[in-house]
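Report on the following structure.
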Amino acid sequence: MSPDHPPGLDLDRLRGLLDRERPGLVTGALSGRLIEGGRSNLTYAVTDDTAKWVVRRPPLGHVLATAHDMKREHRVISALHPTNVPVPRPILLCEDDEVLGAPFYVMEFVEGTPYRTADDLAPLGPDRTRGAVLELVDTLVELHAVDPAEVGLADFGRPEGFLDRQLRRWGKQLDASRNRDLAGVEELHAALGRRLPNSPAPAVVHGDYRLDNVLIGTASEPEGRAGVSTPASAPRRGTEPKKGVDKIKAILDWEMSTLGDPLTDLGLLVMYSIPLDLPNSPISTTASAPGHPTPAELIERYAARSGRDVSSVAWYTAFAWFKLAVILEGIHYRYTLGQTVGRGFDRIGELVPVFIEHGLTTLQEG
């Protein structure tokens, strides 16, 4: 297919759906492109040359039913959009497989930059880099401060026994999405099970919270939202952004969100703040960027601003290494079946043992 008609996106059927469900939204012929960077659900930018939207759908081919739930993603951003948590405005959810071959949803296109590597952060300089990453922590505290019941998410998950279920779930995901032996992975899974911490009060959990999954822009930029015929957005409640300050404009990729232990998000953020030291890796972190706060600084800031006990953060970080190892193995499995779209998948498999080893080391060192 051409770049304007990427695999998994039937623009004619999408246009027909939007014309029926949101008449007047689209005013011209649609074109679309795959947004590179994602390794799981597929994300497309779609435009009619006047306005712009984003379409999210599951990957092509092998799909685990619990791992690519578009309805959950749409529900959580719909619930959080009226709060202080920055998320894109939801436009439409489609659960009819006849349109694109799988359930999907459409949301507004938010202008901003996803910083995926230390090189991406380099133009910001040390001070702005530090500020952006600390803003990431502060926004996580904001998310975890949301009362699930107040936004209609009281039944979004089952907090009781959350960590035990998470371990079992990711163990099952691993078994369902691999075709090779992985040294140490069973050892890591078992060790995590023996050392389960006591969870704090439940919160809305993102499940994949990192700098790569947020869009950052300066507060002095217009905050109008493409694809939505409303005036430029006013500052969110309780905030008055300073001119020129980098702000998180939107948190993306809610496919793993649920109601559960908020420290799982912190552990993942800490994991992504540890340099991988893997040259030319398709999976990288921003941790080596000049000015990037240390893991200890992020933990301290989260603890001070949230008031939560973070003494068990090593367990949550080790669990994050395990979870990412499982996710990467699933991506590698789809690659071996020829069911991935985009670049960089050929070297994903070699990273999985590295993540397993980091998890074992983190848990052993406490």
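Side chains are part of it too, since the values below use all heavy atoms of this structure and drop only hydrogens, waters and symmetry mates.
Put simply, the side chain of T43 does not reach to within 4.5 Å of the side chain of L34, judged on heavy atoms. Within the 4.5 Å cutoff, the side chain of Y316 has no heavy atoms near those of the L268 side chain. The closest side-chain heavy-atom distance from V55 to L42 is not below 4.5 Å. Considering only heavy atoms from C-beta on, M70 comes within 4.5 Å of N41 through its side chain. Under the 4.5 Å side-chain criterion, counting only non-hydrogen atoms from C-beta, L263 is not in contact with V313. Looking at E95 and K71, their side chains come closer than 4.5 Å, going by heavy atoms from C-beta outward. Put simply, the side chain of E255 does not reach to within 4.5 Å of the side chain of D208, judged on heavy atoms. I251 is listed as a side-chain neighbour of V85, based on a closest heavy-atom distance under 4.5 Å.
Annotation: the span from S177 atom OG to Y333 atom OH amounts to 7.0 Å, rounded to 0.5 Å. A distance of 9.5 Å separates CD of E357 from OG1 of T362, quoted to the nearest 0.5 Å. Here the CG-CG distance, from L92 to L17, works out to 5.0 Å after rounding to the nearest 0.5 Å. For the atom pair CZ of R169 and CZ of F162, the computed distance is 8.5 Å after rounding to the nearest 0.5 Å. Rounding to the nearest 0.5 Å gives a distance of 11.0 Å between CD1 of I248 and CG of N213. Here CH2 of W254 is found 9.5 Å from CG of L252. Values are rounded to the nearest 0.5 Å.
Across every non-hydrogen atom of S257 and V76, the tightest pair is OG-CG1, 3.6 Å. Across L18 and V26, no two heavy atoms sit closer than the pair CD1-CG2, 3.7 Å. Residue H332 comes nearest to G349 through the heavy atom pair ND1-CA, 3.4 Å, listed as atom of the first residue, atom of the second, then distance. For G193 against L196, the heavy-atom pair with the smallest separation is O-CG, 3.8 Å. Residues G32 and P6 come closest through the heavy atom pair O-CD, 3.4 Å. Shortest non-hydrogen contact noted between A191 and L363 is CB-CD2, 3.5 Å.
Salt-bridge check for E111 with K249: failed, with every basic side-chain N at 4.0 Å or more from each acidic carboxylate O. By the 4.0 Å N-to-carboxylate-O rule, E135 lies too far from R305 to be salt-bridged with it. Salt bridge present: D138 and R301 bring a charged side-chain N and a carboxylate O closer than 4.0 Å. Taking the charged nitrogens against the carboxylate oxygens, D155 and R75 do have a contact shorter than 4.0 Å, which makes a salt bridge. For the pair R56 and E73, the salt-bridge criterion is met [side-chain N within less than 4.0 Å of a carboxylate O].
Every pair passing side-chain hydrogen bond (donor to acceptor under 3.5 Å, both in side chains) that includes a residue from residues 189-207 is listed here, sequence neighbours excluded: S199-D261.
Counting only distance, with no hydrogens or angles, the side chain of D48 and the backbone of T27 share a donor-acceptor pair below 3.5 Å. In this structure, E150 contributes its side chain and D147 its backbone to no donor-acceptor pair below 3.5 Å. In terms of modelled atom types and a separation under 3.5 Å, the side chain of W315 and the main chain of L192 share a donor-acceptor contact. With hydrogens and angles disregarded, no donor-acceptor distance shorter than 3.5 Å links the side chain of D175 to the backbone of K172.
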Between T47 and F109, does a side chain to side chain contact (heavy atoms under 4.5 Å, CB included) hold up when you go through it step by step?
CA-CA 10 Å; T47 182; F109 184 93; over 6 Å; no
Take K247 and E142 through the salt bridge (Lys or Arg N to Asp or Glu O under 4.0 Å) test and state the conclusion after the steps.
CA-CA 13 Å; K247 301 294 292 183; E142 190 81 62; over 6 Å; no
Please assess E108 against K52 for the test salt bridge (Lys or Arg N to Asp or Glu O under 4.0 Å), listing each intermediate value before the final yes or no.
CA-CA 7 Å; E108 65 174 340; K52 201 171 185 180; over 6 Å; no
Assess the residue pair D212 and R210 against the criterion (salt bridge (Lys or Arg N to Asp or Glu O under 4.0 Å)); give the C-alpha distance rounded to whole Å, side-chain angles, the decisive distance to 0.1 Å, and a yes or no.
CA-CA 5 Å; D212 192 5; R210 52 195 167 99; 2.7 Å; yes
Assess the residue pair I274 and T285 against the criterion (side chain to side chain contact (heavy atoms under 4.5 Å, CB included)); give the C-alpha distance rounded to whole Å, side-chain angles, the decisive distance to 0.1 Å, and a yes or no.
CA-CA 8 Å; I274 299 171; T285 74; over 6 Å; no
If you apply the rule side chain to side chain contact (heavy atoms under 4.5 Å, CB included), what do you find for L80 with T83, and how did you get there?
CA-CA 5 Å; L80 292 175; T83 74; 4.2 Å; yes
Working note: T317 + L266, criterion side chain to side chain contact (heavy atoms under 4.5 Å, CB included); need CA distance, chi angles, decisive distance, verdict.
CA-CA 8 Å; T317 307; L266 178 62; over 6 Å; no
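Counting non-hydrogen atoms of other residues, nucleotides and ligands closer than 6.0 Å to CD of E350 gives a total above 12. The neighbour count for N179 CG, taken as heavy atoms of other residues, nucleotides or ligands under 6.0 Å away, is above 12.
Remark: the D309 side chain and the S311 side chain contain an N/O donor-acceptor pair separated by less than 3.5 Å. Side-chain contact annotation: R308 with Y302, donor-acceptor N/O pair under 3.5 Å present. Inspection of the H144 and S306 side chains reveals no N or O donor paired with an N or O acceptor under 3.5 Å. No hydrogens or angles considered: nothing links the side chains of D246 and T218 as a donor-acceptor pair under 3.5 Å.
Clustering ILVMFWY residues whenever any of their side-chain heavy atoms sit less than 4.5 angstrom apart, transitively, puts W170 in a cluster other than the one holding V205.
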Listed pairs under 3.5 Å, donor-acceptor, residues 322-331 side chains, sequence neighbours left out:
| residue | atom | partner | partner atom | Å |
| --- | --- | --- | --- | --- |
| K323 | NZ | G207 | O | 2.7 |
| E329 | OE1 | R180 | NE | 3.2 |
| E329 | OE1 | R180 | NH2 | 2.7 |
| E329 | OE2 | R180 | NE | 2.9 |

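The ring of W321 has its center closer than 6.0 angstrom to the ring center of F355.
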